[in-house]
Novice: 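This is the structure I have questions about; it appears just below.
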There are 2 protein chains.
Amino acid sequence: MHPSRRVTIIDVARHAGVSTTAVSKVMRNAYGASPEMQVKVRAAIEELGYRPSAAARGLRGQTYTIGVMLPEMRNPFFADILDGVTEHLDGTDYQVLMAACCNDEAGEVRITEAMIDRSMDGVILIAPISSRRHLQKVARAVPTVVVGRHGHSPDYDTVTDDDFAGAGLVVDHLVTLGHQRIAHIEHAERNPVRLKEMPNAQRADGYRHAMQAHGLGDHIDIVSTTYTQQGGYLGAQQLLARPQRPTAIFAGADIVAMGVLDALTEAGLSAPQDISVAGYDDTMFAAFGPISLTTVDQAGHQMGVNAVRLLLDRVAIRGRPTAQIKLFPTLVTRRTTAPIVSP
Amino acid sequence: MHPSRRVTIIDVARHAGVSTTAVSKVMRNAYGASPEMQVKVRAAIEELGYRPSAAARGLRGQTYTIGVMLPEMRNPFFADILDGVTEHLDGTDYQVLMAACCNDEAGEVRITEAMIDRSMDGVILIAPISSRRHLQKVARAVPTVVVGRHGHSPDYDTVTDDDFAGAGLVVDHLVTLGHQRIAHIEHAERNPVRLKEMPNAQRADGYRHAMQAHGLGDHIDIVSTTYTQQGGYLGAQQLLARPQRPTAIFAGADIVAMGVLDALTEAGLSAPQDISVAGYDDTMFAAFGPISLTTVDQAGHQMGVNAVRLLLDRVAIRGRPTAQIKLFPTLVTRRTTAPIVSP
DNA sequence: ATGAAAGCGCTAACAC
DNA sequence: GTGTTAGCGCTTTCAT
């Protein structure tokens, strides 16, 4: 026997004694195949172990492939989104394929183009940092849903979490505990468009707004670094060097909070005894006993589910007006925040 | 203007005043295109913004796509492997697309078949749990490299880390610190084939062997649960209930160690004061200050690099004999292990 | 409801 | 070195 040539639609048609058109129709549950036809064809498919070639399908119709672009793989929050996506696609003919990029614009362009080249039926872009121009271009080539980036476009749908409100939840919580000198570590952003659209910017805004609302405008204290462990470490060092150091630090992301904790330890301090610390994202490790970080849960799973829903919708009706879905976050209180001792 | 039909190879050929063959050859850097031809064609490609359709290419030649299957997304160790993979592919025409499955056999079958259907040029399977029969089947359909699973096959290459030796490193370390009652929490496995091939089984074997080698055969104490946080928690509870409880616990994976720490805290104990704890994998969170877990570094990055190398090799020369690459792990000593106090 | 036939965009085999 | 042509395996008109 030969190195097993793949079974094609022709083999199935011949085996079932029907036309390839018929097989194609059955495969796609398309209109125009009698029940008997269905039975015959399905039997042949089963017997021969036929699986359609996605490449060949893609040349005429769909590829039944959804692409998901992630900024990185190490933030478990993205895994939550993906769970929502794949779960909702379970049982359908669609397959999700992901690509993680390197958090840089060139990488995002490469990946999105690769997805378009591969005739994917739709793409979900998670927290993209590309220019709006590029996002538009992608969206015009393939049905697109952008997750975790605010702002709206006539070409793609968006699913976001209310980062502004989320930051407010943290500030409210800390104020309730008696804190006033609450500092924030943000991810530096200068690009004006992204300044409005990126979650990190919204969190900083939300922090500012909530501080004002509590009459703590004078205590607003923001350090700009990056959403990395290193960024948290450096940010906290700056804050600890203040003449009047803060009693609470709200890190813009859980991973940032890890760096903050490192800096505290190094300075001989600890949370929450000396300083309360809160993060954002409710990543897996936030729940670990020795860490037990107070943080904000973004409902990643729900974001994923909503993203696919919008996407499949758009695959079906290309031209429909775009939608923006905004979900609401919840505060997860753990052991790194506590009532202030000496106000 | 129309909803922009994609630019095809015909458009480019016409624009450059050459044949489609010529364009195709230039695209693939294939033999038989003069320098002037190259220039002309490249100019036309540039001007028209042409990008070849992967679907169409796949129907005849390659798709320039490498598929990577991951058992899950939340273990950062897999991200290390992927970094190695993508980094090594940087600058080539290949694109990596991943799919995470649900740690179950049916999911793995679905994903591998999806990759085959999509005419991927090669696949890298990370820590697959499927039957050998299925792996063989996949490998016969598409060039395959299996990562993180021992055993060898005439059809696929393997890249593994020496889990047996890694477990030995941990035991040696703990013995050096004066520990004798060193317990191990393993991932339960009954399937006889996987019992030999899966890393978890090798770690348990390595533990057993090392204990014997140190004359501590009588102290061998293995609890079978699962490689999850919950598994670690339950396993530790069992161990703490022993009449003579262990002075050190070697968890088969970092995530298991997290569960162990939870159980210790709950019992009013802590590491390393009361019990030393070691993990395996050196995942990102093992390095976090409040955790600071002693663990084993598997050099995931190197595994990734080696996997692609083997894969591209096999894509070029399909029939070549298979290779097995085994890397050596290193111990990462942190603060959850310490010299024994009262032996 | 069914099937014949014309492509989809590319590559490979073959002429020139 | 270059161009012509025949498919790759499907889906989609369009007859019947």
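Here is the naming used below: chain letters follow the sequence lines, and residue numbers restart at 1 for every chain.
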Novice: Take the protein atom CG of D93(B) and the nucleotide atom C1' of dC10(C), then report the distance between them rounded to whole Å.
Specialist: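 Interatomic distance, CG of D93(B) to C1' of dC10(C): 15 Å.
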Novice: Under a 4.0 Å threshold between the charged nitrogen and the carboxylate oxygen, would D157(B) count as salt-bridged to R320(B)?
Specialist: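 Looking at D157(B) together with R320(B), the answer is yes, because their closest N to O distance falls below 4.0 Å.
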Novice: One thing to verify: whether D155(A) and R318(A) come together as a salt bridge, which I'm taking to mean a side-chain N less than 4.0 angstrom from a carboxylate O.
Specialist: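 Salt bridge between R318(A) and D155(A), a charged N being under 4.0 Å from a carboxylate O: no.
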Novice: Quick one: Q62(A) CD to dC8(C) P, roughly how many Å, whole number?
Specialist: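 Atom CD in Q62(A) sits about 19 Å away from atom P in dC8(C).
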Novice: If you assign V7(A) and A33(B) each to the DNA chain D nucleotide with the nearest heavy atom, which residue ends up on the more 5' nucleotide?
Specialist: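 It is A33(B), whose closest nucleotide lies nearer the 5' terminus.
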Novice: Check every strand shown and say whether R28(B) touches a base, only sugar-phosphate, or nothing at a heavy-atom separation below 4.0 Å.
Specialist: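 R28(B): backbone/sugar contact only, no base atoms under 4.0 Å.
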Novice: Does a side-chain N or O of S34(A) approach OP1 or OP2 of dT2(C) to a distance below 4.0 Å, or not?
Specialist: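 Checking dT2(C) against S34(A), a side-chain N or O does come within under 4.0 Å of OP1 or OP2.
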Novice: Checking D121(B) side chain against I66(B) main chain: does a donor-acceptor pair fall under 3.5 Å?
Specialist: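 No, the answer is negative, given that no donor and acceptor are paired below the 3.5 Å cut-off.
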Novice: Donor-acceptor check, side chain of S119(B) to backbone of A55(A), threshold 3.5 angstrom: yes or no?
Specialist: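 Not a single qualifying donor-acceptor pair exists.
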Novice: At 4.0 Å (heavy atoms only), tell me whether A30(A) reaches a base, stays on the sugar-phosphate, or touches nothing.
Specialist: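 Here A30(A) touches no strand at all.
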Novice: Say whether S24(A) and R28(A), considering side chains only, have a donor N or O and an acceptor N or O under 3.5 Å apart.
Specialist: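 Side-chain D/A pair, S24(A) to R28(A): present.
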Novice: If you count heavy atoms of other groups shown closer than 6.0 angstrom to NE2 of H134(B), is the number above 12?
Specialist: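 Yes, enclosed.
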Novice: Expressed as a whole number of angstroms, how long is the span from K40(A):NZ to dA1(C):P?
Specialist: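 It is 14 Å, rounded to the nearest whole Å.
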Novice: Where do N or O atoms of nucleotides 14-16 of chain C meet protein N or O atoms at under 3.5 Å, pair by pair?
Specialist:
none

Novice: Mapping L59(B) and A22(B) to their closest nucleotides on DNA chain D, which lands nearer the 5' end?
Specialist: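 The residue whose closest nucleotide sits nearer the 5' end is A22(B).
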Novice: Both T20(A) and T21(B) contact DNA chain C. Which one's nearest nucleotide lies toward the 5' end?
Specialist: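 On the 5' side of the pair lies T20(A).
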Novice: First and last nucleotide of DNA chain D touching chain A, 5' to 3', heavy-atom cut-off 4.0 Å?
Specialist: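 Answer, 5' to 3': dG9(D) to dT12(D).
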Novice: What is the separation between atom CD1 on I9(A) and atom P on dG3(C), rounded to the nearest whole Å?
Specialist: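 Whole-Å distance recorded here is 12 Å.
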Novice: CZ of R60(A) versus P of dC10(C): gap in Å, rounded?
Specialist: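 So the two atoms are 15 Å apart, to the nearest Å.
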Novice: State whether the side chain of Q95(A) and the backbone N or O of T65(A) hold a donor-acceptor pair below 3.5 Å, judged by distance alone.
Specialist: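 No; zero donor-acceptor contacts below 3.5 Å.
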Novice: Please find the pair of heavy atoms, one from S131(B) and one from R149(B), that lie closest to each other, and give the distance.
Specialist: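 Answer, listing the atom of S131(B) first, then R149(B): C-NH2, 4.3 Å.
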Novice: For dG9(C), take OP1 and OP2 only and decide whether either is under 4.0 Å from a side-chain N or O of Y50(B).
Specialist: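 False: Y50(B) side-chain N/O out of range (4.0 Å or more) of dG9(C) OP1/OP2.
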Novice: I need the CE-P distance between M27(B) and dA12(C), as an integer number of Å.
Specialist: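 So the two atoms are 13 Å apart, to the nearest Å.
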Novice: Quickly work out the E36(A) CD to dA1(C) C1' distance and round it to whole Å.
Specialist: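 Taking CD of E36(A) and C1' of dA1(C), I get 10 Å after rounding.
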Novice: Can R110(B) and E105(B) be counted as an ion pair, charged N to O under 4.0 angstrom?
Specialist: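 Answer for the salt bridge query: no.
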